[in-house]
Each structure stands twice: as C-alpha cells, then as structure tokens.
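To start, the structure itself, in structure tokens.
For ligands, and for the atoms within them, numbers begin at 1 and follow the listed sequence. Note that these values count all heavy atoms, side chains included, but never hydrogens, waters or copies made by symmetry.
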Amino acid sequence: MIISAPTDFRRAAQRRLPPFLFHYIDGGSGAETTLRRNEADLQQLTVRQNVLRDVEGLSTATTLFGEDMALPLVLAPVGLTGMYARRGEVQAARAAAAAGVPFTLSTVSVCPLEEVQAPCPRPIWFQLYVLKDRGFMRNVLERAKAAGIKTLVFTVDMPLPGSRYRDAHSGMSGPNAAFRRMVQAATHPGWAWDVGLRGRPHDLGNISHYMGKPMALGDYIGWLGANFDPAIGWKDLEWIRAFWDGPMIVKGILEPGDARDAVRFGADGVVVSNHGGRQLDGTLSSVAALPRVADAVAGDLRILADSGVRTGLDVVRMLASGADAVMLGRAFIYALAARGGAGVSQLLDLIARDMRVTMALTGARTVADLGAHTLAQGA
Ligand code: FNR
C-alpha cells in the first residue's frame, strides 16, 4: 500500500493488526460521540490565508521545559505499544528522537522504561497512572529518575476505565481467559497478522519489573482493573510533586478551574485532553475546551493539547487555539503498527511538511506567530 498522507496509516494498520488490537486502538467510549467530535471540531476550524509575508527561514522549532524540540510535538503515552510492533516502544522512541521530539512511555508499556531509555539518544518522558499500590508508584518513579528521565506526565482522567464497547465486543475487556486466548492467537507462529511479536515476551514490563515476575498479558487486565484508584485526588499531585524534581505535567484537563488547581498544586504543564475520546463520552472535544483553559492559565504553566490531531494542519489549529505543543496518539500508533519505527519517522516527516506549508500560507514564520488571529473565528 502506498502511503503519501498522514491519514493513510490507519488503513495500513487495520490490514496488519489482529482486529481486537485495531479496535482497541481505534475505538472510543460509549457511542464514540467525543471521539468523533475531536476530529470534527478540529476540521471545522477555518485558518486565514495571509500572503506576501516573507516566510524565508520558516521554523517549526520550539522549547518546552528547557528542552529543544524540532517540532512542537510529543508522542503521547499509549498503553501496550509493544503489542503493535516488535518492542514497539523502543522503535517509536528512537524514531521520535531522530525527528527531534520527545516520546512519552506509558505506565502500561510492554517494554520496561530502562529498555526504552537505554538506546534512545534523548530523555524520554514518563507517564504515571495512580494505582492503589503506592509501592509500585514509588518504585517506578525511582527507576525513572535513575534512568535519567526528567519529565513526568501524570494522567488524571482514569479513576476507572471508560466504557469501551468495541473492546467488550472483541473480548479484549472481557474475562481474562478470552483475552489470553486472543493474545495467544495473535502471537502464534501460524497467525496471518504477524506484527513481529512471535517468540518474544509481551508482559507489561514496568509492572513485572516491580513484581519480580512476568505475568501472562491477559492477567494484567484484571490486575489493572482492580488497581485503578477511584480515590485519586489533588493530594496525590502533592505527593508526586514532593517526590519529583523535574517538570510535572497533568494530563486530562478540560475545565479552566481544574487547570487553575493544577497551577496551585505546582504543575509545570497541563495536557488539555479527553484521552482521545476513550473516557467520558459526550464531553467537549479538546480543541473546544482549549481556548478557555488557555485564557485561565497561560503564563502560569505550559499548555499541551491532544485528541483528534491527525495532520500538520491539525497541529497548527491546536497551536492557534492556545496550545504551546501538541501530543500525537493514534496518529503515531497507526504508523507504528503499519511500518514499525520507519512508519513513525515517515509520519513525523509528513506532519512536519504539512505544518510548514500551513504555516507559510497563514503567514507564520515561527510557532510563536500562530494564535487566535490565525483562525477565522478568532478575529
Ligand atoms: C491511550 N492514551 C493513554 N494515555 C495515558 O495517559 N496512558 C496510557 O496508557 C494511554 N493508553 C492509550 C492507549 C490507546 C490505544 C490510545 C489510543 C490512547 C491516551 C493518549 O495518551 C492520548 O491522550 C490520545 O490518544 C489522544 O487522542 P488521539 O490523538 O489518539 O486522537
């Protein structure tokens, strides 16, 4: 299949992955209203064309938390990434570093953080879920520090997992035995969809490292379901702040009041996010929530945004709506599933080109030139 646009990877990923994995990635919660809204609300934002602005020397570079980035992009934390390509987290982190952007490792990654950081030429970011077992949290944060990780992304929109009906249909979120059977099928040597998993362990590396033993992947689903902590509150942010010296970013903010609380509790950044439409169905799209959050806290901390971003034009729309940088979720996961690390490199290159063209035609020479004036609605 010929891939020439960032959005071509989705279909290529669908061809390659076992259906239960494709739908785990592709799906959202409930009736998928928010999932659709994320993309639709971005697409309906109109950008203004401004000509003859001399955009020679156009640059997509930016600096975030003292880190130089070639693009205002970060790869978002995505669980089970090592299931979509062989040692997928290692491949994606290296592709991100080669493109000059950070990669964020999920708590529930297949590869443990040490395996991902060691061959990666720039520090990765680490995403933390609050689990009831605080010993695990302490352990994983200490290991992240020891590995040289500086930036922590604390995800707060998962006090419990969303209602994902595609996963219920596929068996992914059903009884452990059904899930275990699917994983066995997907990694069986005779399986048609070889995503490179054969003959390799695929446990959740950060957790098995803590437990001192690998578990069958199917067993994690039950363990995680029981371990997400509904008692998570701002006190947990205080605890983490006291523990973590580096930049701390709170991911999953949609309301200005919550963003102000994040400032109060010492966060250095927020990610305006609805988890890619996978948690609260029916809530605002991220891009619709973003301007009010930016009005409330811009200047107090850095603002990232994700959910629904598929193209360089979408990146520009998020930046024009108030974000300092943008996280890519499914966009890079489809590319990784389709073509491994080379797919992620190709995607980032396509997005960079698309961004440059969009910036040039809107009359922006730097990322800082983008703002509400870039959008027709913002005038
Ligand atoms: C996610 N996301 C996520 N977020 C997080 O903080 N920790 C995680 O482990 C995961 N896992 C995960 C798995 C899959 C398959 C997806 C698609 C997403 C959410 C992710 O970081 C990001 O917020 C969304 O993916 C952004 O939306 P888009 O770009 O996918 O539309």
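- Figure legend: cation-pi geometry between Lys145 and Phe126 absent, as NZ or CZ is not positioned both under 6.0 Å from the six-membered ring centre and within 45° of its axis.
- No N or O atom of Val78 sits closer than 3.5 Å to an N or O atom of ligand 1.
- In this structure, Trp234 and Phe265 have parallel ring planes: the angle between them is below the 30° cut-off, well short of the 60° mark.
- Considering only non-hydrogen atoms, atom 15 (C) of ligand 1 lies nearest to Arg278 out of Arg278, Lys251, Met158.
- Counting heavy atoms only, Gly276 comes closest to atom 24 (C) of ligand 1 of the residues Ser106, Gly276, Gly28.
- Ligand 1 is never approached by Ala331 to a heavy-atom distance shorter than 4.0 Å.
- Within ligand 1, the atoms closer than 4.0 Å to a non-hydrogen atom of Ile25 are 15 (C), 17 (C), numbered from 1 in the order shown.
- Protein heavy atom closest to atom 19 (C) of ligand 1, with residue, atom name and distance, is His275 CD2, 3.5 Å.
- Taking any N or O of Thr155, backbone or side chain, at least one lies under 3.5 Å from an N or O belonging to ligand 1.
- Using a 4.0 Å cutoff on heavy atoms, Glu39 does not count as a contact of ligand 1.
- Note: Tyr24 and Tyr84 have tilted aromatic rings, judged against thresholds of 30 and 60 degrees for the angle between ring planes.
- The shortest heavy-atom distance from Asn38 to ligand 1 is not under 4.0 Å.
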Check: Stepwise, does the side-chain contact (heavy atoms from CB on, under 4.5 Å) test hold for Lys251 with Met158?
Finding: CA-CA 10 Å; Lys251 175 170 178 283; Met158 181 97 67; over 6 Å; no

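- With Gly79, Gly329, Ser286, Gly252 as candidates, the residue nearest to atom 12 (C) of ligand 1 on a non-hydrogen basis is Gly79.
- The closest non-hydrogen atom to atom 8 (C) of ligand 1, taken over Tyr334, Phe154, Tyr129, comes from Tyr129.
- If you take CE on Met318 and CG on Asp324, they are separated by 13.0 Å, rounding to the nearest 0.5 Å.
- Contact annotation for Ser273 and ligand 1: only side-chain heavy atoms (C-beta onward) come within less than 4.0 Å of the ligand.
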